[in-house]
Number of protein chains: 2
Amino acid sequence: MPSATTLRSDARRNRGRLVASARELFATHGVDVPVEEITQHAGVGMGTLYRHFSTKEELIDAVLEDAFSGLVDAAERAVEAEDAWAGFTSFLEYAIGLHATNHGLKDVIAERAHGAKRAQAMRARMRPLIRRMIERAQEQGTLRADFAPGDVPLIFWTSGRVIETTAGIAPNYWRRYLSLLLDGLRLGAATTLPEPTLTPAQLQRATRGRRA
Amino acid sequence: MPSATTLRSDARRNRGRLVASARELFATHGVDVPVEEITQHAGVGMGTLYRHFSTKEELIDAVLEDAFSGLVDAAERAVEAEDAWAGFTSFLEYAIGLHATNHGLKDVIAERAHGAKRAQAMRARMRPLIRRMIERAQEQGTLRADFAPGDVPLIFWTSGRVIETTAGIAPNYWRRYLSLLLDGLRLGAATTLPEPTLTPAQLQRATRGRRA
DNA sequence: ACAGAAACGGAGCGTACGCTCCGTTTCCGA
DNA sequence: TCGGAAACGGAGCGTACGCTCCGTTTCTGT
């Protein structure tokens with residue numbers, strides 16, 4: 001079991017091809033592209049893929065690593081915005097814009113399942129940032145007080161669905177949806193929300209479960 | 001090819017069992033339950049199913065017929081409400097409550113595809129009713145003016161996703177989501193929506209397409 | 001130059017789905 | 001009662017997926 005830098009030249013080359021191929025296909029078609037399509041597009045065999053990545057999940061996780069850290073960076077920038085509402089909303093617009101561009105990212109974040117190591121770590125780093133964004137906007141009196149951090153996944157789940165349904169038909173339609181939803185988040189909304197937000201435990205179950 | 005009433009007694013009995021079995025399983029597990037599970041739960045063989053319904057889609061369509069007409073009834077009642085906003089929102093709450101109870105209905109309405117005859121007819125009957133609801137609420141000055149009938153599927157698509165994700169964890173959480181979204185629909189929202197609504201042609205493509 | 005370790009690739013396995021085919025059983029009128 | 005039409009049921013087909021296995025090829029240090 002040699003260290004990562006001790007790969008034979010052809011192995012390193014093929015690994016690169018696989019990642020590039022997967023990056024492209026995941027972005028355009030989502031993570032459900034068959035592994036065979038990935039290997040063919042990369043010009044390698046199936047065996048080669050599974051020597052480098054013990055599972056398809058692992059490949060997904062590796063390919064999306066960059067996108068994950070890009071999201072965390074955006075969240076860190078958003079937390080520092082003077083206008084917390086602007087920071088929060090522009091973060092959401094950026095993140096969901098990424099979903100529209102990179103369907104693989106959308107699948108991992110907005111769909112259930114697909115919770116590999118790097119995705120998990122990204123979520124963990126994101127959580128306190130989002131909490132800060134929300135707290136600040138509520139302190140500044142721009143975000144309704146009964147919105148909670150546990151409600152943020154709601155935005156991703158639902159936006160993901162809009163993108164899935166309209167991506168090939170009206171690629172920017174998700175902006176209309178997000179705008180609508182954000183208007184419901186502003187302070188001064190006419191109602192108070194029914195039902196509590198989701199607890200961390202509930203969220204964990206929601207993002208893991210498959211059908212029984 | 002005998003008329004519908006000229007079925008042999010065992011055939012009529014088994015057809016009833018199939019529909020009952022499918023109704024139950026579709027409601028609890030959605031339309032993705034394997035046909036074999038439906039036939040086993042009904043105590044009949046696969047051949048029996050496919051003699052009565054030439055395709056699984058047709059079975060779905062037949063089983064959901066009642067739910068479809070229930071929806072249309074609710075829409076007709078909603079149109080007549082004095083307070084058009086109340087009519088519109090309580091219709092949405094009723095419809096989405098049905099989605100939470102009957103996952104098969106949700107799959108057909110909130111998911112893409114599954115567009116058989118009766119579902120299609122239900123949609124056609126619903127369209128003018130929804131248009132009236134929206135027009136009236138806008139005339140009464142309670143629904144924002146830039147919301148359009150073409151945006152209604154948005155509500156079903158996204159609520160469907162919320163239900164799918166949280167049904168087993170927080171069965172009423174969708175109410176919180178819907179409340180949030182409806183607050184964004186009220187007149188006096190701070191923004192005007194970006195991006196136009198979907199045209200009928202776009203909607204048709206959105207509710208039909210499968211992945212290429 | 002060459003041995004052998006490393007990497008390769010794709011046929012094939014296991015699973016799950018919708019649906020069909022056809023030998024067997026059941027019903028029902030004469 | 002009994003024959004044939006009607007209905008039955010489930011093994012099996014075709015498809016699509018993730019993944020494995022192993023004979024073949026390629027790289028690399030000596």
Response to the item:
Between CZ of A:Arg12 and P of D:dT26 the distance, given in whole Å, is 19 Å

Discussion item. Please enumerate all residues that pass side-chain hydrogen bond (donor to acceptor under 3.5 Å, both in side chains) together with A:Arg13, with sequence neighbours excluded.
Written reply: none

Worksheet entry | Non-neighbouring partners of B:Phe156 that pass ring pair (Phe, Tyr, Trp, His ring centres under 6.0 Å), sequence neighbours left out | B:His99

Worksheet, complete the sentence: For B:Thr48, the side-chain contact (heavy atoms from CB on, under 4.5 Å) test, sequence neighbours excluded, returns B:Asn14, B:Leu18, B:Val44, B:Arg51, B:His52

Item to complete: With sequence neighbours left out, write down each residue that passes side-chain contact (heavy atoms from CB on, under 4.5 Å) with A:Thr55, or none if nothing qualifies.
Response: A:Glu57, A:Glu58

Practice prompt. Quickly work out the B:Ile60 CD1 to C:dC19 P distance and round it to whole Å.
Written response: 9 Å

Worksheet, complete the sentence: Readout for nucleotides 22-30 of chain C: B = base within 4.0 Å of protein heavy atom, S = sugar-phosphate only, - = neither; 5' to 3' it is ----BBS--

Worksheet item: Looking at the side chain of B:Ala11, which of C:dC17, C:dC19, D:dA7 is the nearest nucleotide?
Response: D:dA7

Fill in: Interatomic distance where NE2 belongs to B:His29 and P belongs to C:dA16 [whole Å]
16 Å

Worksheet item: Is the closest side-chain heavy-atom distance between A:Ile134 and A:Val152 below 4.5 Å?
Response: yes

Worksheet item: Given C:dA7, is OP1 or OP2 found less than 4.0 Å from the side-chain N or O atoms of A:Asn14?
Response: no

Item to complete: Nearest whole angstrom, please: distance from the C1' of D:dC8 to the CZ of B:Arg15.
Response: 16 Å

Worksheet item: Just how far is it from atom CG of A:Leu49 to atom CZ of A:Arg15, taken to the nearest 0.5 Å?
Response: 10.0 Å

Practice prompt. Identify the heavy atoms of B:Ile163 and B:Lys106 that sit nearest to each other, and give their distance.
Written response: CG2-CD, 3.9 Å

Practice prompt. Could you list by number each residue of residues 36-49 of chain A showing a heavy-atom separation from DNA chain C of less than 4.0 Å, or answer none if no residue does?
Written response: A:Gly43, A:Val44, A:Gly45, A:Met46, A:Gly47, A:Thr48

Practice prompt. Round to the nearest Å and state the distance from A:Phe53 atom CZ to D:dT20 atom P.
Written response: 15 Å

Practice prompt. May I ask you to evaluate whether A:Thr55 reaches the phosphate of D:dG18, defined as a side-chain N or O under 4.0 Å from OP1 or OP2?
Written response: no

Worksheet item: According to a strict under-4.0 Å criterion, is B:Tyr50 in side-chain N/O contact with OP1 or OP2 of C:dT20?
Response: no

Worksheet entry | Side chain of A:His52 (C-beta onward), nearest among D:dG9, C:dC8, C:dC17 | C:dC8

Worksheet item: Under 3.5 Å, is there a donor-acceptor pair linking the side chains of A:Thr165 and A:Tyr173?
Response: no

Worksheet item: Taking the side chain as C-beta and beyond, is there a heavy-atom pair between A:Phe147 and A:Thr197 under 4.5 Å?
Response: no

